[in-house]
Amino acid sequence: MTIEEFVRDYYVERQDSQSLKWDLLEERFGNPDLLPLWVADMDFKVSPAITQVLADRVQHGVYGYSYATSTYYEALSQWLSRHYNFEIEKDWLRFSTGVVQAIYHLIHAFTAEDDAILIQTPVYYPFANAIRDSGRQLINVDLKNENGYFTIDFDRFEEAVIQHQVKMYLHCSPHNPVGRVWTEEESVRLLEICHKHKVLVISDEIHQDFTYGHHHIPTAVLEGGRYRDQTITLNSASKSFNIAGLTHCHIIISEASLRHQYDAFAKTIFQTEPNLMGMLATEAAFQAGQAWLDGVKEVIYHNYREVFTAFEQRAPEVIVSPLEGSYLVFIDLRQVLDPSEVKTFIQDRCGLAVDYGEWFGENYVGFIRLNLATKPDYIQQAVDQIISHLN
């Protein structure tokens with residue numbers, strides 16, 4: 001299927017569909033007429049396999065208490081094994097309504113009030129929110145930025161771990177918003193520091209299926225699983241298959257003592273079964289959604305190339321970070337705009353709703369993040385607006 005065919009078959013207008021991305025622009029940005037390229041969900045209908053399984057259940061007409069079947073575990077296990085050499089056991093798996101909710105629960109399950117939790121900024125802003133909301137110490141360590149290519153500052157990372165006696169590290173892999181897919185060498189060096197200082201790693205791998213010319217390596221499989229006893233993995237089909245509204249994600253805990261500690265905490269917080277529709281959609285996605293996923297990735301990478309090429313040719317001072325993973329591109333406008341004026345420029349002059357760099361870390365005023373998971377016409381419109389108003 002060509003990019004044009006995929007867009008023709010799956011792009012859908014989302015206004016007036018209770019879409020956070022499209023219908024809350026007035027509340028979030030003060031202007032309902034902006035072109036929304038912010039929050040990370042897609043403007044494409046889901047795989048037909050997902051639509052069919054949900055339609056069948058709607059036709060059945062009963063939505064009572066449910067459970068994960070053996071075919072569900074098989075679909076998940078085969079997906080992780082086939083794509084990432086990640087061999088999991090059924091007993092390792094726990095469920096949550098979403099990765100963000102899982103992070104809140106894990107913070108409370110494994111740390112105490114005022115404990116230090118580290119993040120590497122710029123990073124997905126709910127990480128910082130969860131730490132602050134939970135009464136823990138937020139420790140920020142900036143990634144190194146070399147002309148838009150971000151790498152880990154291992155020395156500063158370890159110094160911060162020692163200085164603040166860090167108990168937990170929230171890892172983003174692939175990294176949102178900078179688009180990095182961490183190499184095996186980078187990941188092992190980072191995990192070794194955490195192992196040395198007994199830091200529990202919570203690895204958010206929700207963008208695992210979006211890589212381009214790079215390969216995502218789950219933290220739990222590094223060095224033959226050497227770091228599993230200090231790693232908890234979070235993933236979901238929600239980003240990969242555009243089913244975030246079905247509120248279903250995986251918490252993978254291979255270490256028995258960590259599972260027991262989590263389960264003891266979970267008993268006191270929630271007593272509910274997993275989301276039936278979320279489970280059905282996830283199973284269908286992993287069983288029969290590969291062709292759809294391949295198609296949407298082609299659209300996303302095409303959109304990225306359009307962004308990169310347009311700025312390279314027409315506004316070369318703008319720095320576009322390389323897209324190795326996710327469907328979000330990080331753009332540095334500081335060479336062409338006063339950082340304090342970026343929000344006014346983007347919203348009032350260009351008519352766009354985006355995520356701003358300072359949401360991901362206080363040192364990133366002047367950056368924006370664009371969501372590429374939409375039709376190419378909108379990406380072209382956004383880039384043309386930015387460049388024409390810069391000129």
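Along the sequence shown, residues are numbered consecutively beginning with 1. This is a predicted model, so every value here is computed, not measured.
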Strictly by salt bridge (Lys or Arg N to Asp or Glu O under 4.0 Å), give each pair with a member in residues 63-91 just once, sequence neighbours left out. Asp91-Arg259
For Trp79, which of Tyr84, Phe241, Tyr73, Tyr72 qualifies under ring pair (Phe, Tyr, Trp, His ring centres under 6.0 Å)? Phe241
Decide whether a cation-pi geometry holds between Lys45 and Tyr10; the criteria are a distance under 6.0 Å from NZ or CZ to the six-membered ring centre and an angle within 45° of the ring axis. no
When you check the side-chain N and O atoms of [X] and [Y], is any donor under 3.5 Å from an acceptor?
| X | Y | answer |
| --- | --- | --- |
| His195 | Gln230 | yes |
| Asn235 | His250 | yes |
| Glu341 | Thr344 | no |
| His171 | Gln120 | no |
| Glu205 | Ser203 | yes |
| Arg314 | Asn391 | no |
| Tyr104 | Asp133 | yes |

Shortest non-hydrogen contact between Glu283 and Thr71, atoms and distance: OE2-OG1, 2.7 Å
Shortest non-hydrogen contact from Lys239 to Phe210? O-CE1, 3.5 Å
Listing request: all side chain to side chain donor-acceptor pair (under 3.5 Å) pairs with a residue in residues 105-118, at least two apart in sequence or in separate chains. Gln101-His105, His108-Ser134, Thr111-Arg136
Below 6.0 angstrom between ring centroids: does that apply to Tyr364 and Phe367? yes
